[in-house]
2 protein chains.
Amino acid sequence: MSKKQIIMESALELFAKQGFEATSVQQITEHSGISKGAFYLSFKSKDELIMALIDQFMMQFISDIDHIVNDPNNSGEELLVKFFYTTFYSFQKHSDFAKIFIKEQAHTFNEELISKGRHFDQLIDDITLSMLDQLYGETIQHTKYDLIYCIKGFMHVYSHLFLFFNVPLDLDLLCRSLAEKTELLAKHSTIPFITDELYEMFRKTGHEEMTAGQIIEIMEQKIEELEDSIEKESLVLLKQDVQELSLSPAIVKGLITNIRNNPHCSWIAFLLLNYYEV
Amino acid sequence: MSKKQIIMESALELFAKQGFEATSVQQITEHSGISKGAFYLSFKSKDELIMALIDQFMMQFISDIDHIVNDPNNSGEELLVKFFYTTFYSFQKHSDFAKIFIKEQAHTFNEELISKGRHFDQLIDDITLSMLDQLYGETIQHTKYDLIYCIKGFMHVYSHLFLFFNVPLDLDLLCRSLAEKTELLAKHSTIPFITDELYEMFRKTGHEEMTAGQIIEIMEQKIEELEDSIEKESLVLLKQDVQELSLSPAIVKGLITNIRNNPHCSWIAFLLLNYYEV
DNA sequence: TATAATAATGACTGGTTGGTCATTTGTCAA
DNA sequence: TTGACAAATGACCAACCAGTCATTATTATA
């Protein structure tokens, strides 16, 4: 495991227990069994560390959930159940991170962190919206944004339960219960509160699309990290295509499928899917 | 305005902007126009200050909401709408405090603060439950705890909207929209997740009833603060009755009504109503 | 006006913080 | 064995923190 990974795992534990601000770099280095200097060889600052943690987990989480929603095998109420399941399972598996994210989200004053949080939040909104469109189509035109918010509310309160109480819970039951509630609201609620205009207004604050250049940068970095493999080869080809369109859509789709199931590439797969759709 | 109040208002502003830990006593005293020494004449520590702030606002909030739910004039869906309205109105009016509360709730490591937060949370649960019982009675026996959590979820996500975006919102519409959703869930959801046992388990962690002695202490303090008035006289009589039961229930009820509408006494009224019910 | 009592001050203390950098340690090929 | 390079160290720094207390200013009383 790389030094960076060791530090991140140590820090994760401490942050979850004590919070970000209350955990000193000193503590992290002691807990990792390294010196203070070594820490600053891996990270330029404490802020960069929390940023890396958030990136790592949110990318994984978002590509997981996107994978479920865009899988044509999932549909109807089963999709809804799986959507909740993926979310809660992920929260449970990475509970240390989930705790930090909940605690630190609204709390920080680092501009970059705030906008990062907002960005991920919007990505999750997009995925949720795409799922709702798939499930209910036109019938929820007026109430779809309210539905998103209700789903977020459900997730928030119920994830508290298994994050902050150590009780084994029946995740499956929980997800069926929430799917039923969502279904009820989708089919019968009539009074919308969040209109298109309102939603746009909430969103506007500083949302930047990712440019082709940024995607290429990320791909190049990943290409260097990977061993020779189908995934690496696919990435190289995809990079070339992003730089100068040359491959047919079918080939591109196939290449993305090649890398999608590798956890190290799922984030790039997500980015590319969004990129080619636009 | 007392020095204590000046400090509290200054601190409230700064805490809402920067968070509790990130705001130094120095900053507070500068913002209040007093010296550091003077601060420590009013509060024993920075922790005592945040505690006082939380007490002040939560007591007000809880007695407000309890007042609505226990008013026999309110019933049916109108009660539900008013319940939401009181909540959001209060959040809006005291938005600085609401921000702090949301940010700091899960974040602190002061034991006393955590248990205080949990205690208030449970009081809100109790009030919500009492409202749901009033509205739906036996029909929601299995799903009532889930309903509480859904309502909490609604409140959480929607309060974010007007706390962290500066947009004028139609509170009335919001509350009708949420009342409809709650009604839908109450009448049609069939799959419970939070059972009685589970709910008890979540609650168990350190909940202490308030003893007669503690109530008397609070009353004595308030009696000293008040000018001569009907309220003060009522308080004195009530205190005597708590010490040695002597008055008829009707008289007690009347005396509590006397003090209930005074904002300085509404918290004591709430405590007494709970005390006499048990 | 003199005296006592109270309120307010801000320099100071002991401690912790994130971050730096001259120095030491480890690892190679020659 | 040597020397060149990279990796790792931890003493050190300036900045800031919550909280104290000898001193001064203000007010009330006689």
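Chain letters run A, B, ... following the sequence lines, proteins first and then strands; every chain starts at 1. Below, all heavy atoms of this structure are taken into account, side chains as well, without hydrogens, waters or symmetry copies.
When each of B:A38 and A:S24 is assigned the nucleotide of DNA chain C with its nearest heavy atom, B:A38 is the one assigned upstream, toward the 5' end.
Between the CD1 atom of B:I50 and the C1' atom of D:dA18 there is a distance of 15 Å, given to the nearest Å. The CG-P distance, from B:L49 to D:dG19, rounds to 11 Å in whole Å. The CZ-C1' distance, from A:F20 to C:dG18, rounds to 10 Å in whole Å. Nucleotide C:dT16 holds its P atom 10 Å from the CD atom of A:Q26, rounded to whole Å. Going from atom CD of A:Q27 over to atom P of C:dG19 covers 15 Å, rounded to whole Å. When the P atom of D:dA18 is taken as reference, atom CD of B:E48 falls 15 Å away, rounded to whole Å. Between B:K4 atom NZ and C:dA7 atom P the separation is 14 Å, expressed in whole Å. When the P atom of C:dT17 is taken as reference, atom CD of B:E21 falls 11 Å away, rounded to whole Å.
Side-chain nitrogen and oxygen atoms of B:S35 include none within less than 4.0 Å of the OP1 or OP2 phosphate oxygen of C:dG10.
A:K3 comes within 4.0 angstrom of sugar-phosphate atoms only, judged by non-hydrogen atoms across all strands, and of no base. Contact annotation for A:T23: backbone-only contact, meaning every heavy-atom pair under 4.0 Å involves sugar-phosphate atoms and none involves a base.
Of all nucleotides listed (C:dT9, D:dA8, D:dA18), C:dT9 comes nearest to the side chain of B:I34. Of the candidates D:dA8, D:dA18, C:dG18, the closest approach to any side-chain atom of A:K46 belongs to C:dG18. Closest to the B:Y40 side chain, of the nucleotides D:dT9, D:dT20, C:dT9, is D:dT20. Considering only side-chain atoms of B:V25, the nucleotide from C:dG19, D:dA18, C:dA8 that sits closest is D:dA18.
Separation of the B:Y158 and B:F88 ring centroids does not fall under the 6.0 Å cut-off.
For B:K36 and D:dG19, a side-chain-to-base donor-acceptor distance below 3.5 Å is present, hydrogens and geometry of angles not being considered.
Between the side chains of A:Q60 and A:D64, at least one donor N or O sits under 3.5 Å from an acceptor N or O.
For A:K17 (side chain) and A:T23 (main-chain N/O), no donor-acceptor pair under 3.5 Å exists by modelled atom type.
The only option from B:R118, B:R203, B:K152 that meets the salt bridge (charged side-chain N to carboxylate O under 4.0 Å, His left out) definition with B:D125 turns out to be B:K152. Residue B:F15 forms a ring-ring contact (aromatic ring centres under 6.0 Å, His included) with just one option from B:F97, B:F101, B:F20, and that option is B:F20.
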